[in-house]
Student: 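Before I ask anything, let me first share the structure, which is written out below as structure tokens.
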Amino acid sequence: VAGVPESVLIANRGEIARRVIRTARRLGVRAIAVYSEADAGLPYVAEADEAVSIGPAPARDSYLNVPAILAAAKQTGARSIHPGYGFLAESADFARQVIDAGLTWIGPPPEAIDQMGDKIRARNLMAQAGVPVAAGTQDPVQDVDEALRLAGDIGYPVMVKAAAGGGGIGMSVALDPEQLRKGFETARSRAERFFASPAILLERYISSARHVEIQILGLADGQVIALGERDCSVQRRHQKVAEETPSPGVGADLRQRMFQAAIKAGEAVGYRGAGTVECLVDTQTGDFVFLEMNTRLQVEHPVTEMVTGIDLVEQQLLIADGAAVSFPAQSVKPNGCALELRVYAEDPVRFLPSPGTIAQWDEPAGPGVRVDAGYAAGNVVTPYYDPLLAKLVTHGATRDEALARAREAVAGFTITGLKTNLPFHADLLNSSQFGSGDYDTSVVSHLRP
Amino acid sequence: VGVAEIRAEMVANVWKVVAVEGDAVADGDTLVILESMKMEIPVLAESSGKLTTLAVGEGDVVQEGDLIAVIE
């Protein structure tokens with residue numbers, strides 16, 4: 001097929017590797033998997049056209065092992081590399097090495113990754129571009145004393161974050177100076193350990209907020225378009241558990257303003273390919289602020305695909321090759337509502353990890369039901385990677401229909417041999433707060449006090 | 001005098017050993033920090049007493065049910 005690379009190596013694992021392989025197959029693109037010793041038995045390895053072992057289980061020896069991944073690309077004659085999400089997906093350095101090796105990078109320009117990768121730099125850049133940001137620090141906070149002084153100016157409660165961070169790691173809310181002292185030290189040690197950068201920022205905390213993000217696509221001709229929003233307010237430990245589109249908390253006017261801001265954000269960094277602009281919507285004032293931009297495909301991208309009918313991985317491949325997208329860019333009309341539930345290997349009450357061997361795996365199917373799974377019966381879920389087993393996605397003409405399908409699908413999803421959070425999802429779907437659509441980022445803490 | 005054994009709740013890597021064998025520890029003190037599936041899981045003393053055994057070292061992999069520490 002003209003306009004897509006001849007082959008793609010997926011520098012990732014589990015459900016997202018399998019997801020990319022599925023689109024590659026449909027487009028006649030040769031799909032090459034890489035895997036660690038721990039993942040040799042996973043479905044994505046068997047489903048790829050070729051698969052290369054890249055090292056031992058720990059991520060630093062395999063999925064973060066750039067020389068091994070580039071060697072696998074060379075060995076298989078791969079023409080492009082798709083990074084998925086996590087691991088090396090937001091490493092500008094990796095993107096540069098891929099490009100320098102003469103391969104097509106399925107992602108934005110490395111400079112855009114750099115500009116958005118540092119939360120302080122991104123915040124300042126967005127403010128300059130006219131995108132609303134929360135009151136906060138414009139430079140890295142040097143020490144606790146400076147943090148206390150700045151927090152006094154910003155006003156409590158404040159959010160403490162690692163500038164290079166993600167996934168909620170090291171993030172905390174401080175209601176007063178004492179909590180700030182504690183939170184600052186924790187954030188700093190986590191930031192150094194996980195992100196190799198001690199830079200910390202403070203931002204005014206919005207006490208009742210919805211987490212709403214906009215999917216954008218930077219087209220090959222330079223135009224940036226918005227494909228809709230996703231509400232990701234259902235979170236535990238600042239990590240998403242369920243997402244839906246459209247957001248029940250966003251009206252037509254706010255949606256248009258958020259789309260315009262997201263397009264500005266993309267244009268400000270010369271964005272190409274799929275990206276996500278994350279925002280917080282203050283439920284009290286109805287205003288929104290920029291939170292961060294994720295310069296990659298998002299875990300929860302399927303809800304956007306379900307309502308638009310657009311295959312986002314296909315668009316990534318087309319744009320990376322300099323081709324036009326497969327749909328009319330100016331007339332995207334979403335249809336109905338979609339919901340994604342992240343099925344994690346964790347106990348459904350305290351949300352603690354639950355590695356183990358999968359004895360039985362029976363997926364639901366039916367109209368409006370999509371399952372993106374990384375595992376099958378007999379697979380071992382190891383402690384080395386994140387706990388995502390599968391994404392259960394449902395679509396309906398209305399929100400009620402999408403939720404009803406989700407309830408049925410959760411009841412029809414059987415995974416045994418380890419604990420999963422499916423019982424939590426059943427509770428979520430039956431809760432009056434989630435059912436009403438009138439919820440914020442505290443919804444999980446109400447369900448699991 | 002009671003003896004309390006603390007065991008791993010899940011497969012995990014030992015990220016940090018906080019306490020030292022022989023320490024006097026109080027209920028709720030962090031003894032070690034495990035890491036599993038990108039999450040840090042502090043292992044806490046469930047009683048006060050003397051930490052007579054600390055069975056793990058940083059970098060070890062523990063299986064569910066493995067002994068981590070003994071408090072007397």
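Each chain gets a letter, A, B and so on, in the order the sequences are listed, and its residues count up from 1.
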Student: Is A:Ala59 close to chain B through its backbone or its side chain, or both, or neither, when contacts mean heavy atoms under 4.5 Å?
Tutor: neither
Student: Mind listing the donor-acceptor pairs under 3.5 Å that bridge chain B and chain A?
Tutor:
from: B:Glu9; atom 1: OE1; to: A:Arg350; atom 2: NH2; distance (Å): 2.7
from: B:Glu35; atom 1: OE1; to: A:Arg193; atom 2: NH2; distance (Å): 3.1
from: B:Glu35; atom 1: OE2; to: A:Arg193; atom 2: NH2; distance (Å): 3.3
from: B:Met37; atom 1: N; to: A:Pro383; atom 2: O; distance (Å): 2.8
from: B:Glu40; atom 1: OE1; to: A:Arg190; atom 2: NE; distance (Å): 3.0
from: B:Glu40; atom 1: OE1; to: A:Arg190; atom 2: NH2; distance (Å): 3.0
from: B:Glu40; atom 1: OE2; to: A:Arg190; atom 2: NE; distance (Å): 3.1
from: B:Glu40; atom 1: OE2; to: A:Arg193; atom 2: NH1; distance (Å): 3.1

Student: Could you grab the distance from atom CG of B:Asp23 to atom CG of B:Leu54, nearest 0.5 Å is fine?
Tutor: 9.0 Å
Student: Side chains of B:Ile41 and B:Ile33: does their closest heavy-atom pair fall under 4.5 Å?
Tutor: no
Student: Determine whether A:Ile200 and A:Val160 make a side-chain contact, defined as any pair of heavy atoms from C-beta on separated by less than 4.5 Å.
Tutor: yes
Student: Where do A:Pro387 and B:Met37 come nearest, in terms of heavy atoms and distance?
Tutor: CB-SD, 3.5 Å
Student: For a 4.5 angstrom cut-off between non-hydrogen side-chain atoms, does B:Leu44 reach B:Asp27?
Tutor: no
Student: Using the test side chain to side chain contact (heavy atoms under 4.5 Å, CB included), find all partners of A:Ala92 that sit at least two apart in sequence or belong to another chain.
Tutor: A:Arg96, A:Pro110, A:Ile113, A:Asp114
